[in-house]
S.K.: 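Quick one: structure below, then a few questions.
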Amino acid sequence: MPKIALPDGSERVYENPVTAAQIAADIGPGLAKAALAAVVNDENWDINRVIEEDCTLRLITAKDDACLELIRHDCAHILAEAVLELYPETQVTIGPAIESGFYYDFYREKPFSIDDLDAIEKRMHDIVDRNEEIIRGEWSRDEAVEFYKKRNEPFKVELVEAIPANETVSYYAQGAFIDLCRGPHMASTKKAGHAFKLMKVAGAYWRGDSNNPMLQRIYGTAWTTEADLQAYLTMLEEAEKRDHRKLGKALNLFHMQEEATGSIFWHPNGWTLYREIENYVRRRLDAADYQEVKTPQMIDRSLWEASGHWEKFGENMFTANTQDDKTLALKPMNCPGHVQIYRQGVKSYRDLPLRMAEFGSCHRNEPSGALHGIMRVRAFTQDDAHIFCTEEQINSESVAFCNLLKEIYKDFGFTDIRVKFSDRPEVRAGDDATWDKAEQALTAATQAAGIKTSHNPGEGAFYGPKLEFVLTDAIGRDWQCGTLQADFILPERLGAEYVAIDGQRKRPVMLHRAILGSLERWIGILIEQYAGKMPPWLSPVQAVIAPITETTNEYANSIYQSLKQAGIRVQTDLRNEKIGYKIREHSTSKIPFILAVGAREAEAGTVAVRRLGSQNQEVMSVNEITSLLQAECMPPDLASKGK
RNA sequence: GCUGCUGUAGCUCAGUAGGUAGAGCACACCCUUGGUAAGGGUGAGGUCGAUGGUUCGAAUCCAUUCAGCAGCACCA
C-alpha cells in the first residue's frame, strides 16, 4: 500500500503498486500528458516504473530543467540505435547527456565521416517518429555479463564486470536496441522531439585513458524546442566571430607560424596591448608590496633535479647541451629561481612575508594536440610571484591575494569567476601529514577570504594543493587563469629557511600565485570577452585622426602632435580616401575614437568625435578632446588614484 | 601524443572526370578633393604546405612529413 507524498503537501494512498504515470493521471489529464519522468525520494524515476513503497514524488514536465537532461539522454540512446541500424558491425559503449547535448562512444574499424552523420541524423528522426516504447528492465550482474558476452561486446562486458556481483543492473530497451543504463528515460522515443542536431565526430579514448583503444565519439546537441536549438546554433556562430585567433589576425595583433610552433610573433598592436597589461600589473604588485625580480632563462638540470621538476616534468622541458657537456633546461617555472634569490643571505622572520614577483618567461614543451591559439602555447609569460611566509601568515596572505585578484579581474571587466580547490594528486612529493597541513591551511584561507570553491579532487600540483581561478571563453571553454598554491615541499627541497624569533632555523612556506596566469592566455581571453573591442586604456590605437580632404592634413598633423604629447596612442589617416571609407575601416579595426577634421573644424579649432559603436558625432575643441581622451584612456588603477 | 578533417595570391575562398591556376577584398599607380560604415579605372601577386612516387602530363591520384582545426589524453 504505497503512500505517496506530493510536493504540495498532499498524500495519496494506493492499494497496489503504482506508477508515476498513473499518479499523474489521477491528478489530472493535463498532467498525465505533460509528465515525462518523476523524482522519487530524490531519485530519478521513469514515468512507468513501478513504485511499491512509501515515497515522496515530484513529476517532471517539459518546464523542468531536468527535462533537458532526459531529452539528451534519450537522444544518446536514439543515436546508438540509429548507428546500429545503419552500421550493424559497430559496438556501442557509453553515451551520456552533457552540457548542451549528448554524445555516444562507438567502436568501429572505419571511422564515421561527416556524410555518415547526415545519414545517422536522418535515421534518428525516423526513430523518434516510430514512437518506440522505452522499457526498463533489470538483470542480475551475471545475466548482464552473459548477455554481452553472447553478443560479443567486450566493452560492455568490461563495464558490467566492474559492478559488484550481487547487484542488479537496469537496462533500457527501445525497438531492437537494448542498453545497459541507469536511466531514467522517457516513455517513448517520440518524447525526445526533433530539436536535436549531430555536431561533430572525434576520437575519444575508452574510459578516458590514452593507453586504451580509441573510440569514435559522435557529439550532438538537443533542446526542448526548435527555437532553443536555433538559438544555440546562433550563439555558436556568434562565439566563432569572437575567436581570438580570427580577431588576432584581423586586428593585426600577432601571428604564429610553422617554424615556431606554439610561440607568438607579437605585432606592434599586440605588443602595445601586452605592455599595457604588464605595466598595469606591475603597478598593482608594487602597490601591494611585491618586489620584482628576473631569473635566468636557462638553468642547469641539477637544480631541476633538486626541485623535483626533472623527474615529474622532464619530458616536457626544453633542454640545451653545452660544449662542456652540461645539460641546461629552459625554465618551465620560476619557483626554483626565486628560491635561489631568497637563499642569498640569511633571512629573518622579520623579512617575512617576502613577496617576490617576476614576469617569468617560461617554456614548456606541450603536446602538439594541446596547443590552441595563444591560449595554450609553448612559450609564455606568467605574472608569477612567490610569497615566502610563516605558516601563521598563510591566512592573511591568501586573503590579501584573493582580494587583489578580485580587484584586478574587475578592472579587466570580469566579475564572474569560478574557483576550484584542487587537492593532493596521486603522484606527489612530501608526506601525508604535510599535505594535511597544506590543504587545511588553504581551506581556512578560502573561508577567511569568503570564497566559494568547487572541489577538484586529485588535481593539485605535485608540491601542494591549489586554488584555480577559472574563466570561460567565448566558445564555452574553461581556462585556468589565476592560481594560489600552498607549498611546504619546495622550501625543504631547495633549502629555503629563516631565523625564527627564538633563534631557530625554520622552513618558510611558499605561496605560488598568479593572477592573470599567462599574459598570452589572458590576452586571448580579453579579445574574446570584448570581441576585439578593447576598453580604451587597452586599445593599441586609441584614436585616429581622419581629415576629410587633404587640405586639412596639416591641421590633422597639429592635433596629432598635441594628442601624442598628451600621452594618447593616436594615428593619422592621410590617405586619399573619402571620409566614409575611413570611418568604415577604423570602425572595423575597433578604434575607440575617430576624430574627423574638415575645413569647418580647422577654421574653428575643433574636431568631430565619433565613438566606436556610435553613429553620432560630437564637435569639441582640441582642449576638450585632449582631456576627454586622457580621462577615458587612463588605466583603471591610475584613474581611481586620481579621484 | 591519439583519431578524424583541412592546407591554392597578404586575407576570405572557387577550381567536380589529372591537360602547368581564378574571384572578391587588400596592395601599387592614375582619375576623383569627396562631411561620417566600401567613388572609379589600370596594374602587379601564386614552383597550389614540404618531400618522394604513379603518369606523356599532378593543385587534382598514392605514400611520407610538417602545420592548423575539432575532440580525447595532457596542462608544474
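Lettering follows sequence order; numbering is per chain, from 1.
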S.K.: Ignoring hydrogens and angles, are the base of G71(B) and the side chain of Y205(A) linked by a donor-acceptor pair under 3.5 Å?
M.R.: no

S.K.: H586(A) pairs by side-chain contact (heavy atoms from CB on, under 4.5 Å) with which of I591(A), L612(A), V541(A)?
M.R.: I591(A)

S.K.: Give none if C29(B) has no partner; otherwise give the nucleotide forming a Watson-Crick or G-U wobble pair with it, both distances under 3.5 Å.
M.R.: G41(B)

S.K.: Please determine whether any donor N or O and acceptor N or O are separated by less than 3.5 Å between the side chain of R376(A) and the base of C75(B).
M.R.: yes

S.K.: Tabulate protein N/O versus nucleotide N/O from nucleotides 64-66 of chain B, keeping only pairs under 3.5 Å, one per line.
M.R.:
{"unit_1": "C66(B)", "atom_1": "O2'", "unit_2": "E258(A)", "atom_2": "OE1", "d": "2.9"}

S.K.: Between R424(A) and D436(A), does a salt bridge (Lys or Arg N to Asp or Glu O under 4.0 Å) hold up when you go through it step by step?
M.R.: CA-CA 9 Å; R424(A) 66 192 77 185; D436(A) 289 343; 2.6 Å; yes

S.K.: Considering every strand and a 4.0 Å limit on heavy-atom distances, what is the contact class for Y103(A): base, sugar-phosphate, or nothing?
M.R.: nothing

S.K.: With a 3.5 Å cut-off and heavy atoms only, can you find an N or O donor on one side and an acceptor on the other between the side chain of R364(A) and the base of C74(B)?
M.R.: no

S.K.: Check every strand shown and say whether K312(A) touches a base, only sugar-phosphate, or nothing at a heavy-atom separation below 4.0 Å.
M.R.: nothing

S.K.: For A70(B) and R245(A) - does any side-chain N or O of the residue sit under 4.0 Å from the phosphate oxygens OP1/OP2?
M.R.: yes

S.K.: Measure the acute angle between the ring planes of Y342(A) and F388(A), then classify it against the limits of 30° and 60° as parallel, tilted or perpendicular.
M.R.: parallel

S.K.: Both G262(A) and Q485(A) contact RNA chain B. Which one's nearest nucleotide lies toward the 5' end?
M.R.: G262(A)

S.K.: Counting side-chain heavy atoms from CB outward, which of G4(B), A76(B), G68(B) is closest to M317(A)?
M.R.: A76(B)

S.K.: Aromatic rings H386(A) and H338(A): how do their planes relate, parallel, tilted or perpendicular, breaks at 30° and 60°?
M.R.: perpendicular

S.K.: Within the pair H372(A) and A70(B), is there a side-chain N or O less than 4.0 Å away from OP1 or OP2?
M.R.: yes

S.K.: Looking at every strand, decide which applies to N316(A) at a 4.0 Å heavy-atom threshold: base, sugar-phosphate, or nothing.
M.R.: base

S.K.: Check the angle between the aromatic planes of F313(A) and H309(A) and answer parallel, tilted or perpendicular using the 30° and 60° thresholds.
M.R.: tilted

S.K.: Treat primed atoms plus P, OP1 and OP2 as sugar-phosphate and everything else as base, then score nucleotides 31-43 of chain B 5' to 3': B for base contact with protein heavy atoms under 4.0 Å, S for sugar-phosphate contact only, - for none.
M.R.: BBBBBBBBS----

S.K.: Determine which nucleotide pairs with A50(B), using a 3.5 Å limit on both distances of a Watson-Crick or G-U wobble pair.
M.R.: U64(B)

S.K.: Could you tell me how the ring of F469(A) sits relative to the ring of F401(A): parallel (under 30°), tilted (30 to 60°) or perpendicular (over 60°)?
M.R.: perpendicular

S.K.: Within the structure shown, what part of the strands sits under 4.0 Å from Y463(A) by heavy-atom distance: base, sugar-phosphate, or nothing?
M.R.: sugar-phosphate

S.K.: Answer with base, sugar-phosphate or nothing: what part of the nucleic acid does P111(A) contact at a heavy-atom distance below 4.0 Å?
M.R.: sugar-phosphate

S.K.: Determine the interplanar angle of the F421(A) and H455(A) rings, folded into 0 to 90°, and report it as parallel if under 30°, tilted if 30 to 60°, perpendicular if over 60°.
M.R.: tilted

S.K.: Mapping L215(A) and Q257(A) onto RNA chain B by nearest heavy atom, which one lands closer to the 5' end?
M.R.: L215(A)

